[in-house]
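Here the structure is laid out as structure tokens; the discussion comes afterwards.
Here is the naming used below: chain letters follow the sequence lines, and residue numbers restart at 1 for every chain.
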Amino acid sequence: MTPWLMVALLLFNFILMAFDARVDGGHRVIRVWTQTAADFVQSPVTTLSTSIQTYFTSISTLRSAQDENSQLKQRVQELEVEMEGTKDLATENERLRGLLGLREESKFSILPARVIGRDPSVWFDSAIVDRGSLDGVKLNMPVVSEGGIVGRVTAVGPLTSQIDLITRDKSGLGAIVGEVGESNSLGVISGTSERDLLELRYVAGSVEVKEGQIVYTTGQDGIYPAGLRVGEVVEVKSGSATTPHQILVRPSSRLGSMQEVAILLYEPPAKQEFEQKLTK
Amino acid sequence: MEQVKVTVALIIAVLLQWTLRNVAEPFAYIDLPLIIVVYAALQRNAIRAILFGTIAGLAVDALSGGLLGANGFSKTLVAYMVSEIARRVYLDNLLLRIPIIAAACLIDDLIYYGVHRLLGQEPVGDVFVIIAYTVIGTTITGTLIYILLEQLSLDKPRGGGRRKDSSSSRRQMRRRNPIKLGK
């Protein structure tokens with residue numbers, strides 16, 4: 001009886017795995033409902049641990065708070081003056097745009113979210129956030145933090161969503177060294193065996209790339225909008241005219257310790273008909 | 001009562017596995033559900049152990065970036081292996097259980113990694129470092145949990161001592177019988 005039950009369970013798990021590997025990026029029913037159930041445990045635990053951390057941090061930073069307060073008051077006054085100048089510039093900009101017949105291009109809005117759970121398995125680096133389909137989150141929406149891009153939404157429940165980080169080997173996002181339109185060192189970002197390093201592949205060896213240059217998204221992957229900061233080039237093994245560079249990039253966002261992120265409510269432009277046929 | 005205790009322990013282990021990594025990163029190196037699955041397997045109830053393996057594995061997989069079913073697969077297999085060993089070998093001593101937890105963790109990690117590679121998924125991080133840290137973390141925590149669970153079992157029934165006495169007398173009877181037959 002026992003060996004047969006084991007074989008049946010192994011087969012069941014294997015079918016689940018094969019199905020999951022095949023429908024990467026599609027709707028995942030088991031994940032979605034488990035996440036929803038887990039939210040009732042993860043959210044209170046995260047709130048409790050964050051408030052304990054905040055309490056101890058606030059005690060340690062209390063000493064420097066007074067000095068900081070007076071510095072900040074001074075800075076606020078400076079910023080107020082600067083803001084007045086910016087307001088004038090914005091008004092002028094709007095007027096000129098109107099003259100040129102350009103429309104204000106609001107690409108996407110931002111939805112702040114809190115990380116309530118990390119991958120329970122040490123082998124992967126996904127995260128769970130406290131925003132779901134009820135907040136307007138959809139599959140494959142990009143996620144950013146204050147530093148730069150974090151990843152994309154891979155499963156959406158009513159209350160929570162799962163995010164796959166860009167450090168995953170299958171992340172594959174279109175990127176460029178330098179600003180879009182100013183550089184032609186295009187490539188594809190993917191994860192490496194190290195948690196805090198990314199690899200920029202397929203950048204032509206004939207293009208000059210230096211350490212310290214910033215890498216941005218190109219928007220060509222159909223998931224991430226163009227112009228988001230990915231990271232900084234930390235190592236370049238130069239290629240030749242026929243071989244590409246081997247470029248290592250350190251992500252701008254602190255992926256290991258992020259607490260707050262923002263989901264970009266961005267939906268990429270619809271694919272052309274011939275492209276849709278190609279992906280089927 | 002023992003079943004209830006292990007089931008409650010498994011539920012707590014899964015809930016902690018879901019939440020603890022967000023509190024502190026090193027907790028990720030402790031596989032709490034595996035510890036309880038191995039504990040259930042050591043009770044020589046193979047069916048319960050492999051069911052626990054599948055359920056706990058799927059619960060972890062559902063919140064993980066890995067393949068759904070990979071942990072279920074590895075934990076089911078490990079539970080079966082441990083329960084088969086426990087049926088054949090005396091493993092009631094805590095010292096003997098320590099290498100069993102370590103070996104179970106090692107096998108679980110290798111199966112998990114292998115299955116992902118087989119299906120074209122590359123886990124993040126250095127494989128050897130992850131396996132080494134997980135085996136160390138899980139073995140130490142597992143030992144402490146087993147001590148705790150054993151303590152909970154010993155504290156319960158007062159009649160345990162009496163049962164022990166009667167069984168020891170039965171053993172003495174069995175030892176005497178062959179001599180009598182020989183005469």
Checklist outcome for this item: Okay, Y113(B) and chain A: the region with an atom under 4.5 Å from a heavy atom over there is side chain
Next on the checklist: Looking at every non-hydrogen atom in both residues, tell me the closest pair between V124(B) and R168(A) and how far apart they are.
Outcome noted: CG2-CA, 4.3 Å
Item to check | Non-hydrogen atoms of D164(A) and G65(B) that approach each other most closely | outcome: OD1-CA, 4.2 Å
Checklist entry - Of the backbone (N, CA, C, O) and the side chain (C-beta and beyond), which part of Y133(B) lies under 4.5 Å from a heavy atom of chain A, both, or neither? => result neither
Next on the checklist: Please classify the contact of I47(B) with chain A as side chain, backbone, both or neither, using a heavy-atom distance under 4.5 Å.
Outcome noted: both
Item to check | Which atoms of V14(B) approach chain A - backbone, side chain, both or neither, heavy atom under 4.5 Å | outcome: neither
Checklist entry - What is the distance from atom OG1 of T19(B) to atom CZ of R118(A), rounded to the nearest 0.5 Å? => result 13.5 Å
Next on the checklist: At a 4.5 Å cut-off on heavy atoms, which part of I128(A) comes close to chain B: side chain, backbone, both, or neither?
Outcome noted: side chain
Item to check | Distance-minimising heavy-atom pair for D20(A) and L67(B) | outcome: OD2-CA, 3.4 Å
Checklist entry - What part of E25(B) lies closer than 4.5 angstrom to a heavy atom of chain A: side chain, backbone, both or neither? => result side chain
Next on the checklist: Once rounded to the nearest 0.5 Å, what's the spacing between atom CG of L9(A) and atom CG of L77(B)?
Outcome noted: 11.0 Å
Item to check | I30(B) portion near chain A, given a 4.5 angstrom heavy-atom threshold | outcome: neither
Next on the checklist: To the closest 0.5 Å, what do you measure between CG (D39(A)) and CH2 (W18(B))?
Outcome noted: 10.5 Å
Checklist entry - How many angstroms lie between atom OG of S121(A) and atom CG of L63(B), to the nearest 0.5 angstrom? => result 11.0 Å
Checklist entry - Pick from V127(B), L51(B), N71(B), T54(B): which one has the most heavy-atom pairs with chain A under 4.5 Å? => result T54(B)
Item to check | Residues of residues 81-89 of chain B contacting chain A, heavy-atom criterion under 4.5 Å, by residue number | outcome: none
Checklist entry - Hey, what's the ring geometry for H116(B) with F124(A), parallel, tilted or perpendicular (30° and 60° as the breaks)? => result tilted
Checklist entry - Roughly how far, to the nearest 0.5 Å, is the CG atom of N13(A) from the NZ atom of K75(B)? => result 11.0 Å
Checklist outcome for this item: One should read off an interatomic distance between M6(A) CE and T76(B) OG1, to the nearest 0.5 angstrom, of 9.0 Å
Next on the checklist: Using side chain to side chain contact (heavy atoms under 4.5 Å, CB included), reason through F27(B) and V122(A) one step at a time and then give a plain yes or no.
Outcome noted: CA-CA 9 Å; F27(B) 284 122; V122(A) 73; over 6 Å; no
Next on the checklist: Given heavy-atom pairs under 4.5 angstrom as the criterion, report whether the side chain, backbone, both or neither of I116(A) touches chain B.
Outcome noted: backbone
Next on the checklist: Quick check on the interface: out of V41(A), L10(A), I52(A), L5(A), who has the most heavy-atom pairs with chain B under 4.5 Å?
Outcome noted: L10(A)
Next on the checklist: Show the nearest heavy-atom pair for residues D119(A) and S64(B), with the distance to one decimal.
Outcome noted: OD1-OG, 3.0 Å
Next on the checklist: At a 4.5 Å cut-off on heavy atoms, which part of D109(B) comes close to chain A: side chain, backbone, both, or neither?
Outcome noted: both
Next on the checklist: Which heavy atom of N22(B) sits nearest to which heavy atom of G117(A), and what is that distance?
Outcome noted: ND2-N, 3.7 Å
Checklist entry - Do you know which of L32(B), T134(B), L58(B), L20(B) has the most heavy-atom pairs with chain A at a distance under 4.5 angstrom? => result L58(B)
Checklist entry - Checking A24(B) against chain A: side chain, backbone, both or neither under 4.5 Å from a heavy atom? => result neither
